[in-house]
Amino acid sequence: MEQVNILIIGAGIIGLAVARELSKEFEDVVLVEAEGTFGRHTSSRNSEVLHSGIYYPKGSLKARLCVNGVRELYQYAKENNIPFRNCGKLIVANNKEELSILEELKNNGENNGVLGLQIINESECKKLEPQIMAKYAVKVPSTGIIDSHKLMQKLENEAENNGAFIVYDMKVISIDAFAEGYLINFSNGENFKAKIIINCAGLHSDKIAEMVGINIKREKLQLHWCKGEYYKSSKIKDINHLIYPVPDPNGIFLGIHLTINLQDEVRFGPNAYYVDELNYEMDESYKPEFLKAIKNYMKIDEENFHLDDCGIRAKLQKEGDSFRDFHIKEESEKGFPNFINCIGIESPGLTCCLTIAQEVRKLINN
Ligand SMILES: Cc1cc2nc3c(=O)[nH]c(=O)nc-3n(C[C@H](O)[C@H](O)[C@H](O)COP(=O)(O)OP(=O)(O)OC[C@H]3O[C@@H](n4cnc5c(N)ncnc54)[C@H](O)[C@@H]3O)c2cc1C
């Protein structure tokens, strides 16, 4: 039986960043992943946006880890030749009611430490983005985009160079707690003993917590999967900023927005609806909802508007709930010392990958 010091479960962006961070300092770090390679789920199915931290409540982990995370990721990308662009974003509004939401957002962002926020008027918007219809906008200079695949590749590479082992096709099926640590059983019949477990299993992180014996219902750690689909339009060119509407008042997503990627292709989405199965198939039933939302801020040619891709969010927030923060915790209080959960790592998880990893490091006792 393998005996390891730290076992990390899940090679999405979070598990990879945690493996890199911990392998700088600790020996015997192993990252196990159910799939044949990294990033086969949420980390490859997102908008690749580096968020500023404007949306999240002051004092929350999401606010703190995002504001610091975006800064650190730009620096990391620069130092490691990971393609990115600090393009900035506009959150657009078309009436006075929405303007007051923009003002609240700007105040919230400033309280969180987001720099350079500015409310601009219609003519200033037109100058920046001639194709966008907006009476007002908040200009958010720190937002950007990144090549998330190259980022994951670099994190994997650094973790391995630091001495971490990354093992693919290793699906955790059960975990037993015992006095000196944990026994982890895999679907291929192998098992490992580990002193410390870091649960970075994304959409299944609640199930991993349940495997060790945490009552996820009682602890309100059950995940609610929330699908988001994207459409693309090959005809729209020359957009320089990401364009967001004022956020959804129910707080489950940021509204159907426009993003560009590093090849200057335009995508719209994601929308948001709760699902029970892990199924990345798509149909066009939400297309009218997309078109209606987009027409509030730009003219769109319906003929050149096609389904693109989708992702599924690992939300702690179920329908009707208010804000839920990331759950990043060492679970001694629940009777599981040295078991660290990262649950509910929805957006802005990509932006926060380096700072989440640092947060995990702080939870490990030397
Ligand atoms: C539609 C959408 C848009 C988003 N847009 C953005 C954005 O623009 N900016 C941003 O900052 N964030 C964004 N996010 C959030 C971001 O993508 C996530 O926070 C991040 O990718 C989560 O990474 P993860 O490593 O926790 O999960 P994942 O990438 O899902 O990785 C978890 C891994 O655990 C593995 N695993 C699961 N169970 C087991 C098991 N039993 N044994 C072994 N391995 C297991 C899985 O196979 C998987 O590889 C978006 C998310 C979605 C869904």
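On a predicted model such as this, the values are computed, not experimentally measured, just so you know. For ligands, and for the atoms within them, numbers begin at 1 and follow the listed sequence.
- Taking the ring axis of Tyr231 as reference, the NZ or CZ atom of Lys287 does not stay both within 45° of it and closer than 6.0 Å to the ring centre.
- When His224, Gln222, Glu346 are each tested for a side-chain hydrogen bond (donor to acceptor under 3.5 Å, both in side chains) with Lys315, only one passes: Glu346.
- Atom 27 (O) of ligand 1 has as its closest protein heavy atom Gly202 CA, 3.6 Å.
- Under 4.0 angstrom from ligand 1, the non-hydrogen atoms of His204 all belong to its side chain.
- Counting heavy atoms under 4.0 Å from ligand 1, residue Ile9 touches it through the side chain alone.
- For Arg40, no nitrogen or oxygen atom sits less than 3.5 Å from a nitrogen or oxygen atom of ligand 1, counting backbone and side chain alike.
- Residue contacts with ligand 1: Ile208 is included, with a non-hydrogen atom under 4.0 Å away.
- Counted within 6.0 Å of CG on Asp301, heavy atoms from surrounding residues, nucleotides or ligands total more than 12; the atom is thus considered enclosed.
- Nearest protein neighbour of atom 1 (C) of ligand 1, counting heavy atoms only, is Tyr230 OH, 3.5 Å.
- Between Glu35 and ligand 1, not a single N/O pair is under 3.5 Å apart.
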Less than 3.5 Å apart, which donor and acceptor atoms pair up between the side chains of residues 35-42 and the rest of the protein, not counting sequence neighbours?
residue, atom, partner, partner atom, Å
Glu35, OE2, His41, NE2, 2.7
His41, ND1, Tyr280, OH, 2.9
Thr42, OG1, Ile312, O, 3.3

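- Which parts of ligand 1 touch Leu350 is read off a 4.0 Å heavy-atom cut-off, strictly below it: atoms 10 (C), 11 (O), 12 (N), 16 (C), 19 (O).
- Look at Met170 and you'll find a heavy atom under 4.0 Å from some atom of ligand 1.
- With hydrogens left out, the protein atom closest to atom 9 (N) of ligand 1 is Val49 O, 2.8 Å, a heavy atom.
- Residue-level proximity to ligand 1 for Leu50 is absent, since no heavy atom of it falls below 4.0 angstrom.
- Among all protein heavy atoms, the one lying closest to atom 24 (P) of ligand 1 is Ile14 CG1, 3.7 Å.
- Nearest to atom 19 (O) of ligand 1 among the protein's heavy atoms is Ile345 O, 2.7 Å.
- Within a 6.0 Å sphere centred on CD of Glu110, other residues, nucleotides and ligands contribute more than 12 heavy atoms.
- In Lys139, the NZ atom is not crowded: 12 or fewer heavy atoms of neighbouring residues, nucleotides or ligands sit closer than 6.0 Å.
- For atom 40 (C) of ligand 1, the closest non-hydrogen atom of the protein is Val172 N, 3.7 Å.
- Glu48 and Asn261 share no donor-acceptor pair across their side chains, judged by distance under 3.5 Å alone.
- Which parts of ligand 1 touch Glu48 is read off a 4.0 Å heavy-atom cut-off, strictly below it: atoms 8 (O).
- Within 6.0 Å of CD in Gln263 there are more than 12 heavy atoms belonging to other residues, nucleotides or ligands.
- Contact atoms of ligand 1 toward Gly349: 11 (O), 12 (N), 19 (O) (distance under 4.0 Å to a heavy atom of the residue).
- Interface atoms of ligand 1 facing Pro348, defined by a heavy-atom separation under 4.0 Å, are 10 (C), 11 (O), 12 (N).
- Residues Tyr230 and Thr259 bring no donor and acceptor atom of their side chains to less than 3.5 Å of each other.
- Proximity of Cys200 to ligand 1, defined as any heavy-atom pair under 4.0 Å, is confined to the backbone N, CA, C and O atoms.
- Geometrically, ligand 1 and Pro270 share no nitrogen or oxygen pair separated by less than 3.5 Å.
- Between Ser43 and ligand 1, an N or O atom pair is found at a separation short of 3.5 Å.
- For atom 50 (C) of ligand 1, the closest non-hydrogen atom on the protein side is Asn46 CB, 3.3 Å.
- Heavy-atom distances between Phe38 and ligand 1 stay at or above 4.0 Å for every pair.
- With a 4.0 Å heavy-atom cut-off, ligand 1 is reached by no atom of Phe253.
- Contacts between His51 and ligand 1 below 4.0 angstrom, taking non-hydrogen atoms only, involve the side chain exclusively.
- In this structure, Tyr297 and Phe268 have tilted ring planes: the angle between them lies in the 30° to 60° band.
- Inclusion of Ala34 in the set of residues having an N or O under 3.5 Å from an N or O of ligand 1 is warranted.
- A salt bridge (Lys or Arg N to Asp or Glu O under 4.0 Å) with Arg361 is found for exactly one of Glu21, Glu25, Glu330, namely Glu25.
- For Asn304 (side chain) and Ser233 (main-chain N/O), no donor-acceptor pair under 3.5 Å exists by modelled atom type.
- Between Ile91 and Leu102, the closest side-chain pair of non-hydrogen atoms falls below 4.5 Å.
- Enclosure of atom NZ in Lys150 is not indicated, since only 12 or fewer non-hydrogen atoms of other residues, nucleotides or ligands lie within 6.0 angstrom.
- Between Ile13 and ligand 1, a contact under 3.5 Å exists for at least one N or O pair.
- For Lys318, the NZ atom counts as loosely surrounded, since its 6.0 Å shell holds 12 or fewer non-hydrogen atoms of other residues, nucleotides or ligands.
- Side chain to side chain, Tyr273 and Glu319 fail the donor-acceptor criterion of an N or O pair below 3.5 Å.
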Pairs of donor and acceptor atoms involving the side chains of residues 115-126, under 3.5 Å and at least two apart or interchain, shall be tabulated with distances.
residue, atom, partner, partner atom, Å
Asn121, OD1, Ser123, N, 3.2
Asn121, OD1, Ser123, OG, 3.2
Asn121, OD1, Glu124, N, 2.9
Glu124, OE1, Asn121, N, 2.8
Lys126, NZ, Pro130, O, 3.4
Lys126, NZ, Ile132, O, 2.8

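- Between the side chains of Asn68 and Thr355, not a single donor N or O lies within less than 3.5 Å of an accepting N or O.
- Counting atoms of ligand 1 from 1 in the listed order, those under 4.0 Å from a heavy atom of Arg45 are 1 (C), 2 (C), 52 (C), 53 (C).
- Of the polar atoms of Ser47, at least one N or O is found under 3.5 Å from an N or O of ligand 1, judged by distance alone.
- Proximity annotation for atom 53 (C) of ligand 1: of Val32, Thr351, Ile312, Leu73, Ile312 comes nearest, heavy atoms only.
- Each of the following atoms of ligand 1 lies closer than 4.0 Å to a heavy atom of Ala201: 32 (C), 34 (O), 37 (C), 38 (N).
- Of the protein's non-hydrogen atoms, Glu33 OE1, 2.7 Å is the one closest to atom 49 (O) of ligand 1.
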